[in-house]
Amino acid sequence: MAALHTLRMGLVLLGVLGVLQTRAQPQVSLQPNFQQDKFLGRWFTSGLASNSSWFREKKSALSMCVSVVAPTADGGLNLTSTFLRKEQCETRTLLLRPAGPRGCYSYTSPHWGSTHDVWVVTTDYDEFALLYTAGTKGLGRDFHMATLYSRTQTPRAEIKEKFSTFAKTQGFTEDTIVFLPQTDKCMEEHK
């Protein structure tokens, strides 16, 4: 009887661990017929929404950053972002590896060491792109972020509304959505 109880407990534990290790897939779609070559080039991070506690604490201090998207030999992307941090320009590069259909990528967080998935949800390539990122950080906490990229520092009101609507459909609330203020600092890095 004790062996049967131990077996059941073992199976329950394995089931729970399996559930914990399975990343939840968001309810997002990919840009139909995503054309990576048109997505390349300079983008401004104009809007963010995140469930991260760090984001909620720091969002009032954040400003727009510039990112350059370049192709890699394996079909992925290098995303190099330059931003203002503690009154200094800082640059970071993420390697986005192909992870499924076109427009779906993954990267390893340099800080947490965890894998995050990135989806290009929609883009017109010339004016804006909406991206969604999901993964875990730290002690298995789910991490979700929506990002608005714009080709200019002043996205149209309709684009900002499109981003807000998208973020809300992903469960973000008004207080977790921010449009980043423009800054002249660090913008010259990637012309």
Side-chain angles (χ1 to χ4, degrees), residues 23-52 55 59 62-83 91-109 115-135 143-174 176-183 186-191:
R23 286 185 286 183
Q25 296 298 315
Q27 298 301 311
V28 297
S29 57
L30 286 170
Q31 169 68 37
N33 303 311
F34 178 70
Q35 298 175 47
Q36 182 170 292
D37 60 323
K38 289 184 171 185
F39 187 69
L40 303 176
R42 186 171 70 163
W43 292 96
F44 295 96
T45 304
S46 302
L48 292 172
S50 178
N51 69 335
S52 166
F55 174 78
K59 70 179 183 177
L62 297 175
S63 59
M64 190 176 286
C65 70
V66 63
S67 297
V68 174
V69 180
T72 62
D74 68 353
L77 299 171
N78 272 325
L79 176 66
T80 303
S81 299
T82 303
F83 52 93
T91 300
R92 292 198 183 151
T93 300
L94 285 177
L95 172 60
L96 302 176
R97 296 177 311 272
R102 289 182 297 165
C104 184
Y105 301 92
S106 69
Y107 71 91
T108 301
S109 167
T115 300
H116 296 221
D117 296 317
V118 179
W119 293 266
V120 179
V121 176
T122 187
T123 182
D124 67 357
Y125 305 102
D126 297 322
E127 189 175 9
F128 78 97
L130 300 181
L131 277 68
Y132 187 81
T133 304
F143 169 75
H144 304 277
M145 180 171 24
T147 306
L148 168 61
Y149 284 119
S150 176
R151 292 288 190 187
T152 70
Q153 292 187 52
T154 54
R156 292 183 298 118
E158 296 86 352
I159 300 301
K160 291 168 104 175
E161 183 59 36
K162 184 180 209 97
F163 174 70
S164 289
T165 300
F166 168 69
K168 288 174 186 173
T169 64
Q170 297 309 309
F172 296 109
T173 57
E174 285 289 337
T176 61
I177 300 170
V178 64
F179 291 99
L180 302 170
Q182 291 180 41
T183 180
C186 308
M187 291 294 130
E188 299 299 317
E189 302 287 319
H190 297 287
K191 277 207 165 191

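- Rounded to the nearest 0.5 angstrom, Lys160 NZ and Phe179 CZ are separated by 6.0 Å.
- Minimum heavy-atom separation, Phe166 to Leu131: CE2-O, 4.2 Å.
- Between the side chain of Thr115 and the backbone N or O of Tyr107, no donor-acceptor pair lies under 3.5 Å.
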Quiz item: Are Thr45 and Leu148 close enough, and set up right, to give a side-chain contact (heavy atoms from CB on, under 4.5 Å), and what steps lead you there?
Solution: CA-CA 6 Å; Thr45 304; Leu148 168 61; over 6 Å; no

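- When all heavy atoms are compared, the tightest approach of Ala167 to Ile177 is CB-CD1, 3.7 Å.
- Taking the side chain to side chain donor-acceptor pair (under 3.5 Å) definition, one finds that Thr108 meets it with nothing, sequence neighbours left out.
- The aromatic rings of Trp43 and Tyr149 are tilted relative to each other, their planes meeting at an angle between 30° and 60°.
- Taken to the nearest 0.5 Å, the CG atom of Asn78 stands 10.5 Å off from the CG atom of Leu40.
- In this structure, Asp37 places its CG atom where more than 12 heavy-atom neighbours from other residues, nucleotides or ligands lie under 6.0 Å away.
- Considering every non-hydrogen atom in both Phe172 and Asn51, the closest pair reads CE2-N, 3.6 Å.
- The two residues Tyr125 and Gln35 make their nearest non-hydrogen contact at OH-N, 2.8 Å.
- Side-chain contact check for Thr154 versus Phe44: every heavy-atom pair is 4.5 Å or farther apart.
- Looking only at distances, a side-chain donor or acceptor of Arg151 sits under 3.5 Å from a matching main-chain atom of Arg42.
- When all heavy atoms of Gly76 and Thr72 are compared, the pair lying nearest together is N-OG1, 2.9 Å.
- Side chain of Gln31 to main chain of Val120: no donor-acceptor pair is present (N/O by atom type, distance under 3.5 Å, no hydrogens or angles).
- From His144, atom NE2 reaches atom NE2 of His116 across 10.5 Å, with rounding to the nearest 0.5 Å.
- Taking each heavy atom of Thr152 and Ser150 in turn, the nearest pair found is O-OG, 2.8 Å.
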Quiz item: Under the side-chain contact (heavy atoms from CB on, under 4.5 Å) criterion, do Gln153 and Met64 qualify, and how do the steps go?
Solution: CA-CA 8 Å; Gln153 292 187 52; Met64 190 176 286; 3.7 Å; yes

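- In this structure, CG in Leu48 is found 9.5 Å from OG1 in Thr133, a value given to the nearest 0.5 Å.
- Between the OH atom in Tyr132 and the OG1 atom in Thr147 there is a gap of 10.5 Å [rounded to 0.5 Å].
- Among residues two or more places apart in sequence or in another chain, the side chain to side chain donor-acceptor pair (under 3.5 Å) test is passed with Gln36 by Tyr105.
- Considering OG of Ser67 and CG of Leu77, their distance stands at 12.0 Å, rounded to 0.5 Å.
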Only distances under 3.5 Å count here; give the side-chain donor-acceptor pairs of residues 92-104 to other protein atoms, sequence neighbours excluded, each with its distance to 0.1 Å.
{"from": "Arg92", "atom 1": "NE", "to": "Glu90", "atom 2": "OE2", "distance (Å)": "3.1"}
{"from": "Arg92", "atom 1": "NH2", "to": "Glu90", "atom 2": "OE2", "distance (Å)": "2.6"}
{"from": "Thr93", "atom 1": "OG1", "to": "Thr80", "atom 2": "OG1", "distance (Å)": "2.9"}
{"from": "Arg102", "atom 1": "NH1", "to": "Phe34", "atom 2": "O", "distance (Å)": "3.3"}

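- Salt bridge annotation for Glu161-Arg156: absent, with no cationic side-chain nitrogen under 4.0 angstrom from a carboxylate oxygen.
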